[in-house]
Amino acid sequence: MDKHMILYRGSLKSCNYHCSYCPFSKHSMSERELEKDRIQWFSFVESVQRKAEAMHIGALMVVPYGEAMIHSWYWQGLAYLSAQAEIDAVGIQTNLSFSIHDFLHWFENAGGVLKKLRLWATFHPEMTSVSEFSTKCRRLVEKDVLLCAGSVGVPENLNVLRALKQALHASKESKRGIYFWVNKMDGLRRCYTQEERAAFLEIDSYFERELMFIPANAAFCQKRLFVEADGKLHTCNVSSTLVSQKRWEELEDFPNPECNRKLCSCYLAYGGRKDFMNQILFGPYPLFRIPRHPKAVFLDIEGTLFPGKGMADIPAGIMAGLEALAREKIPVFFATTLPYKKAMERCRRIRHLFAGGIFAGGAHVVLYRRQEYFYLLKGLWLMEAFSLQRKFGFRVLAYREHDTLYKVTLLRPSHRVWQTQEAEDLMCCISFADEKIRYYIEENCLQIVSAAADKANGVKMLCGWLGISPNDVVSAGDSEEDREMMNCVTV
Ligand code: SF4
């Protein structure tokens with residue numbers, strides 16, 4: 001079962017930085033208010049420890065108003081949670097102004113598990129320097145802490161952000177460098193120019209995702225929760241609808257999502273939606289915003305790249321994800337039951353972003369400009385199939401490569417869907433002799449290919465050609481035909 005992720009925001013509303021645009025820099029908190037935040041946080045931590053197993057909580061991230069990592073109780077609470085067996089990862093957003101040495105010391109002394117820690121570090125050019133910030137990032141990476149770093153996309157800051165990206169990229173400790181994200185600037189009051197857009201995309205390959213308008217749809221927000229210090233529950237940080245009359249303390253299961261927003265307007269909202277591209281790009285807990293950088297990606301076409309039946313266009317979010325993968329030079333492959341020609345027609349707009357694919361249910365494997373393979377069929381049984389057309393009401397379509405057969409479709413009119421029993425009865429009427437075949441139903445099509453041809457074997461073949469392990473690739477699909485492929489690769 002998928003594990004779930006919680007965002008937590010305490011009653012903290014203060015910061016040690018004084019950035020000109022930020023309301024929390026002007027707000028200070030009394031000792032009493034801070035003590036209240038401490039008590040609420042520990043009470044939350046204790047309740048998560050108690051409920052994690054039953055509620056399938058796998059990850060948690062603190063998203064404070066202001067800076068929480070200057071208060072040691074957050075260090076301690078994160079350490080306790082990271083030590084919990086059911087919890088896979090704990091994270092926090094921070095300006096990274098705290099002492100890395102003191103934090104690591106505290107965290108480890110409190111029993112924290114560093115490899116479960118995730119930091120979302122925000123760079124504030126008014127308050128710190130490229131050198132100071134990047135040195136801290138590198139020290140954390142040296143200790144195997146996973147983190148992302150980033151800043152708001154203020155056009156005037158382009159040069160300093162480029163310099164920071166360079167400094168983070170040069171990190172010896174992390175092969176790809178540290179991911180540097182750019183948030184769109186809400187107060188810009190105009191669109192980014194083409195040049196600014198291109199410049200920010202140079203810094204952050206995923207920046208287009210920030211600029212999309214993503215209509216809110218709570219159906220994508222199952223099993224996620226945003227918990228406030230007083231226990232109030234929302235689906236995400238931008239939706240103000242309460243999702244339960246209960247408070248966090250009384251909750252035993254994740255409530256159904258509800259949302260009063262028109263748009264999923266920031267990363268903490270859209271990045272946590274259950275959509276396959278979030279997982280492909282950022283792993284099972286995408287809200288931490290740390291790219292997974294797979295060595296290759298395999299994507300089904302119908303139902304996945306085109307989520308709706310008969311859809312003409314690929315949704316903007318999927319398109320932006322594909323373009324990000326291309327910019328990151330991660331090879332992407334089709335994995336489809338469609339034959340090559342049909343797949344190319346269907347995916348005209350995006351085919352240039354792909355490095356090849358698995359077609360015809362695995363019977364045809366292509367690595368563009370390098371290699372191609374067909375699982376062939378002898379097809380001595382084809383005449384028998386023709387003779388049964390009238391009885392079972394289908395038409396035979398044979399797919400060949402240079403006169404050699406690799407796939408047969410038994411096609412019915414679109415309203416006559418093949419039933420499993422009918423397919424089994426038909427297969428009993430055909431003598432396949434020593435030919436090992438497999439068949440599968442796609443609505444009105446009964447597809448026959450070689451027994452060895454499936455998407456999982458296609459993935460293995462392409463991985464072999466590329467010299468990479470299937471453990472380092474990811475895939476997405478929505479049907480039975482995708483199941484084995486998705487089991488054989490990391491999702
Ligand atoms: S605004 Fe939040 S709750 Fe609403 S659909 Fe978007 S991510 Fe889900």
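Every number for a ligand or one of its atoms is a count from 1 in the order of the listing.
- Judged as a side-chain contact (heavy atoms from CB on, under 4.5 Å), and not counting sequence neighbours, the contacts of V238 are C236, R261, S265, C266, A269.
- Counting heavy atoms from C-beta on, the side chains of L7 and Q93 never come closer than 4.5 Å.
- Using the six-membered ring where Trp is involved, Y267 and Y270 have ring planes that are perpendicular, over 60° apart on the 30 and 60° scheme.
- Using a 4.5 Å heavy-atom cutoff, the side chains of T241 and T235 are not in contact.
- Aromatic ring centres of Y179 and Y206 lie closer together than 6.0 Å.
- Applying the 4.0 Å criterion to heavy atoms of R224 picks out, from ligand 1, the atoms 7 (S).
- In terms of protein heavy-atom proximity, atom 5 (S) of ligand 1 is nearest to N217 N, 3.1 Å.
- Aromatic ring centres of F334 and F298 lie farther apart than the 6.0 Å criterion allows.
- Inspection of the environment of atom 2 (Fe) of ligand 1 yields the following protein N, O or S atoms under 2.8 Å: C236 SG.
- Within a 6.0 Å radius of NZ in K36, other residues, nucleotides and ligands contribute 12 heavy atoms or fewer.
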